[in-house]
Every structure is written in C-alpha cells, then in structure tokens.
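Following: one structure in structure tokens, then a few remarks.
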Amino acid sequence: MGLGGCIILIAVGAILTFATDWHMQGVNLDLVGIILMAVGLIGIATFSGIARRRRVVVPPTTPVVEEEPHRHHRVDGYSDGYGV
C-alpha cells in the first residue's frame with residue numbers, strides 16, 4: 001500500500017466518523033472510521049520510514065583521475081625559450 005492508499009484510508013475513515021449519521025444494526029460506523037484512520041496513519045509512518053532508508057547517499061566508487069596538462073614539444077627552436 002503506497003502513500004496514496006494510506007491517504008484514501010484516512011479520508012474514508014474521517015468521512016465515516018465525522019460526516020455520516022447512518023445507523024446500521026450491528027455495525028458502529030464511528031468505530032470503523034476510527035480504525036481506518038488509524039490504519040492509514042500507521043501506513044504513512046511505515047511508508048515514510050521505508051522511504052527515508054532508501055535515500056541513503058552513497059559516495060561515488062570510481063576514483064577521480066587528475067590528468068597533468070598536456071605539453072606539446074616542438075623541435076623548431078622557439079618553444080624552449082632559447083630561440084627568441
């Protein structure tokens with residue numbers, strides 16, 4: 001059950017508890033609504049605990065290679081500073 005299902009359980013439970021005045025023989029709708037809201041809250045707490053564990057930051061495993069600047073060696077006598 002995902003986060004959406006938990007929110008739907010809370011909403012249905014709140015509707016049964018606070019917004020209806022139906023009376024069914026053998027069923028207490030207020031109690032059913034409270035139970036649905038409690039199950040929804042437990043589901044949200046469980047879902048957030050699982051989601052928090054999934055967000056662990058893992059450092060990169062590949063090493064960073066620093067390259068030296070590539071130097072071009074010309075043999076024309078001007079690149080070494082002496083042929084000026």
In residues 11-22, what donor-acceptor pairs under 3.5 Å come from side-chain atoms, sequence neighbours left out?
| residue | atom | partner | partner atom | Å |
| --- | --- | --- | --- | --- |
| Thr17 | OG1 | Gly13 | O | 2.8 |
| Thr17 | OG1 | Asp30 | O | 3.4 |
| Thr17 | OG1 | Ile34 | N | 3.3 |
| Thr20 | OG1 | Leu16 | O | 2.9 |

Show every donor-acceptor pair shorter than 3.5 Å between a side-chain atom in residues 41-48 and any protein atom, with sequence neighbours excluded, or say none if there are none.
| residue | atom | partner | partner atom | Å |
| --- | --- | --- | --- | --- |
| Thr46 | OG1 | Ile42 | O | 2.9 |
| Ser48 | OG | Ile44 | O | 3.2 |
| Ser48 | OG | Ala45 | O | 3.0 |

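Taking CD1 from Ile50 and CG from Leu3, the interatomic distance works out to 12.0 Å, rounded to the nearest 0.5 Å. Between atom CG of residue Leu31 and atom CG of residue Leu36 there is a gap of 9.5 Å, rounded to the nearest 0.5 Å.
Taking the side chain as every heavy atom from C-beta outward, Met24 and Leu29 approach each other to under 4.5 Å.
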